[in-house]
Amino acid sequence: MRWSRTLLATLRDAPQDAEIESHKLMIRAGLMRKLGGGLYTFMPLGLRVLHKIETIVREEMDRAGAVEILMPALQPAELWEKSGRWATMGAGMFRLKDRKEAMMTLGPTHEEVVTDLITREISSYRQLPLTVYQIQTKFRDEIRPRFGLMRSKEFLMKDAYSFDVSLEAADASYQAMFDAYVRIFARCGLSAKPVEADTGDIGGNCSHEFMVLAPSGEDGILDCAACGYAANQERAERRTPAPACVVSGGAAADAATPGSRTIEEVAAFLKMPQARIVKALVYMADGKPVMVLIAGDRELNEPKLKRFLACKTLVMATDAEMAAAAGPAGFAGPVGVQIPVYADLGLKGACDMIAGANRDGFHLLHVDLGRDAVVAAYEDLATVVAGDSCPRCGGELGLRRGIEVGHVFKLGTKYTQAFDSRYLDEKGKNELMVMGCYGIGVSRTLQAVIEQNHDENGILWPASIAPYHVTLLLLDPGDPAVVEAAGRLEAELEARGVDVFVDDREERPGVKFKDADLVGFPIRVVAGAKSLAKGGFEVKRREEKDSLVVAPEATVQTVLTLLGKA
RNA sequence: CGGAGCGUAGCGCAGCCUGGUAGCGCGUUUGGUUCGGGACCAAAAGGUCGAGGGUUCAAAUCCCUCCGCUCCGACCA
């Protein structure tokens with residue numbers, strides 16, 4: 001390909017709405033352009049990278065025994081009503097009507113469609129196990145699309161679904177996908193770490209996320225250097241610490257705290273650590289109020305609470321809901337009577353605490369949890385933070401940021417029950433299939449590669465997914481000898497399966513060097529009157545500083561060697 | 001959804017407070033000089049100043065409404 005014949009414009013400045021380096025570089029290097037919030041057009045070079053990632057994904061899915069299908073993005077609402085997710089998915093789904101007023105959705109995922117399909121197609125244990133996959137556009141009405149392809153309203157996803165005769169068989173299918181994911185990300189030049197994860201809206205009982213460690217990542221990851229435990233912050237557990245105080249301070253008593261509303265203000269006003277304050281939060285779980293108590297210096301982990309309560313929806317109660325459901329919801333009397341109260345494990349046995357008095361301008365001192373509250377259960381409900389103890393070995397946990405590029409789930413029978421997906425076993429009995437589902441954000445993976453592989457001059461593509469392996473800079477496009485030699489090299493490289501991008505523009509050398517670095521081709525070959533006078537082409541790897549002059553007849557071999565193809 | 005900030009040429013920005021000819025850099029076009037790490041000179045094209053309404057002799061500038069983009073988000077609950 002020649003630069004002059006494709007659609008590629010590099011930018012000196014990044015658009016003002018690009019926040020993170022990979023997003024800026026994708027725009028500056030001309031890989032994509034923005035249409036609107038969370039919507040992007042892939043330009044020729046960006047699309048080539050996307051296709052190369054897809055190829056790796058297909059090869060590894062096929063190798064793992066999965067078969068490719070393609071399902072509709074536009075789906076009837078009735079399928080989603082069947083699984084119950086029409087109601088529980090909330091505003092994240094795009095919903096629309098067709099001309100007959102029938103409700104439809106632009107699929108955010110495909111468990112419903114695939115389960116419906118497989119229920120019709122599979123009737124015998126002889127057809128199992130079966131894993132199907134597709135690479136397809138997904139639609140999600142994100143609250144806040146951001147960071148370019150990291151969180152967009154429309155994105156390319158590889159989703160796979162396994163169907164098995166038993167939990168044990170499903171474990172094997174899960175492991176096969178897990179292993180395939182490890183290979184896929186490695187082949188894309190990514191260092192991705194599998195961590196224990198929350199299952200969220202998808203459901204099921206076990207899942208791992210593949211995380212690309214990067215400071216710009218949207219997810220927190222707790223990991224233990226001692227034993228290797230690693231989990232998403234949404235799910236991570238901790239060894240329960242002792243409460244801030246276990247000695248009673250006597251009877252509870254009011255204290256005036258004028259103007260102090262937040263935990264910070266109350267702690268500062270009373271000159272007490274935040275850990276001595278009891279934070280009381282009221283949530284509506286499937287429409288019913290519950291109160292949660294947690295130490296003032298900790299944050300409640302909503303996914304954990306949701307899992308513990310086994311509820312479908314969980315939102316903070318509004319003022320009106322609290323007034324209607326519980327009346328005063330503070331420590332004005334023994335709490336736990338009006339509505340169920342759950343407390344974080346870190347508060348078990350806590351004494352001499354400070355709590356809201358349910359009166360403006362006042363707090364309660366000397367609160368003993370065991371005496372002044374009726375706690376239905378103590379549970380691990382806090383968000384784990386750096387410095388907490390590892391739940392496995394007690395070591396100190398560290399906190400890092402990560403980008404979720406893949407997620408594998410064991411679904412059990414959540415969907416096969418809803419769709420009554422059965423097969424006939426060898427004894428002629430009708431049994432439910434056991435499912436797993438497996439996703440890779442293909443477009444997000446592309447950007448994650450850039451996030452992990454760039455320097456101050458631009459992108460550093462791994463050869464496996466680079467838009468082109470080699471950029472051939474024509475420094476003297478008017479010199480027939482240069483054009484002739486470069487043309488021959490281009491043809492020979494292409495014949496050996498090397499993708500070559502020729503910069504044939506009428507530009508000064510400096511501009512071409514800068515652009516070659518920005519776009520990030522793994523290998524740069526310079527063809528110019530100067531280099532030919534020195535004895536041939538100058539060959540340089542993107543990440544290295546110095547080039548070497550290679551005789552024209554040896555250049556193809558040199559490039560192949562550098563690419564690891566020879 | 002709530003709070004804050006920003007919408008001026010393809011990209012990055014100034015001008016707005018204090019109303020009076022719409023500007024700068026990069027990019028683009030033409031001509032010339034250059035030519036190995038984002039050259040220089042000269043000329044030019046390119047704008048409904050996010051949209052609509054209002055105030056005014058006069059609005060990018062002041063006021064109102066809406067739209068879009070970006071950042072932030074629970075704490076006697």
Side-chain angles (χ1 to χ4, degrees), chain A residues 9-20 23-24 27-28 30 33-39 90-91 143-147 254-267 269-270 274 277-284 289-302 305 314-323 325-326 328-332 335 339 354-365 367 383 457-458 473-479 505-518 524 526-531 533-534 538 540 545 547:
Chain A
T10 55
L11 267 38
R12 276 188 199 226
D13 302 307
Q16 178 252 333
D17 61 12
E19 289 284 319
I20 62 173
H23 185 191
K24 288 180 187 169
I27 303 289
R28 285 191 57 213
R33 291 290 183 248
K34 179 174 173 171
L35 173 65
L39 300 170
I143 300 172
R144 264 176 68 190
R146 59 177 149 179
F147 301 154
D254 273 355
T257 51
S260 299
R261 302 188 66 83
T262 66
I263 296 284
E264 289 80 7
E265 288 163 359
V266 172
F269 182 85
L270 294 173
Q274 294 184 19
I277 299 176
V278 177
K279 183 156 61 172
L281 305 164
V282 177
Y283 276 87
M284 302 301 285
V290 296
M291 184 187 276
V292 183
L293 306 179
I294 187 165
D297 62 338
R298 308 287 315 201
E299 299 216 333
L300 176 73
N301 185 314
E302 288 187 12
L305 177 62
L314 182 73
V315 288
M316 285 207 77
T318 62
D319 289 355
E321 281 169 339
M322 267 183 292
F331 276 78
V335 296
I339 59 176
I354 299 153
N358 205 35
R359 270 204 293 157
D360 251 344
F362 286 90
H363 280 75
L364 273 181
L365 304 181
V367 171
T383 297
N457 294 315
L473 305 192
L474 237 47
L475 288 199
D476 301 285
D479 183 334
R505 295 175 300 167
E506 297 282 348
E507 286 287 356
R508 295 162 61 85
V511 173
K512 297 189 176 189
F513 290 139
K514 285 286 185 191
D515 278 336
D517 286 350
L518 175 60
R524 185 185 84 189
V526 174
K530 222 175 214 179
S531 77
K534 276 194 273 182
E538 287 159 34
K540 183 182 100 65
K545 222 172 148 40
S547 59

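Quick note on labels: first sequence line is chain A, next is B, and so on, each numbered from 1.
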Proximal nucleotide (of B/U28, B/G37, B/C75) relative to the A/Lys279 side chain: B/C75
Rounded distance in Å - [atom1] ([X]) to [atom2] ([N]):
X	N	atom1	atom2	value
A/Ile277	B/C75	CD1	C1'	9 Å
A/Leu35	B/C69	CG	P	10 Å
A/Asp479	B/C35	CG	C1'	13 Å
A/Lys530	B/G37	NZ	C1'	12 Å
A/Arg505	B/G27	CZ	C1'	12 Å

Between [N] and [M], how many Å separate the two [atom1] atoms, rounded to a whole number?
N	M	atom1	answer
B/C67	B/C24	C1'	29 Å
B/U30	B/C57	C1'	43 Å
B/U61	B/U48	P	16 Å
B/C26	B/C40	P	7 Å
B/A39	B/C35	C1'	8 Å
B/U21	B/A60	P	10 Å
B/G50	B/U56	P	23 Å
B/G31	B/U70	C1'	43 Å

Remember a base hit wins even if backbone is also touched, and classify [X] as base, sugar-phosphate or nothing at under 4.0 Å, heavy atoms.
X	value
A/Ser531	base
A/Asp515	base
A/Arg524	base
A/Leu300	base
A/Arg28	base

Considering all heavy atoms, the nearest [X]-[Y] contact:
X	Y	answer
A/Leu11	A/Leu518	O-CD2, 4.2 Å
A/Val526	A/Ser531	O-OG, 3.5 Å
A/Lys279	A/Ala295	CE-O, 4.1 Å
A/Pro477	A/Lys512	CG-NZ, 4.3 Å

Does A/Arg12 put a side-chain nitrogen or oxygen below 4.0 Å from OP1 or OP2 of B/G27? yes
Pairing residues for A/His23 by the ring-ring contact (aromatic ring centres under 6.0 Å, His included) criterion, not counting sequence neighbours: A/Tyr40
Apply side chain to side chain donor-acceptor pair (under 3.5 Å) to A/Arg524 and list each qualifying residue two or more places apart in sequence or on a separate chain. none
Would you kindly check whether a donor in the side chain of A/Arg508 faces an acceptor in the base of B/U34, or vice versa, at under 3.5 angstrom? yes
Heavy-atom check, side chain of A/Asp17 versus side chain of A/Lys34, under 4.5 Å: yes
What's touching nucleotides 9-12 of chain B from the protein side, N or O pairs under 3.5 Å?
residue, atom, partner, partner atom, Å
B/C11, O2', A/Asp13, O, 3.4
B/G12, OP1, A/Gln16, N, 2.5

Nearest nucleotide by nearest heavy atom, which residue falls closer to the 5' end of RNA chain B, A/Lys34 or A/Lys540? A/Lys540
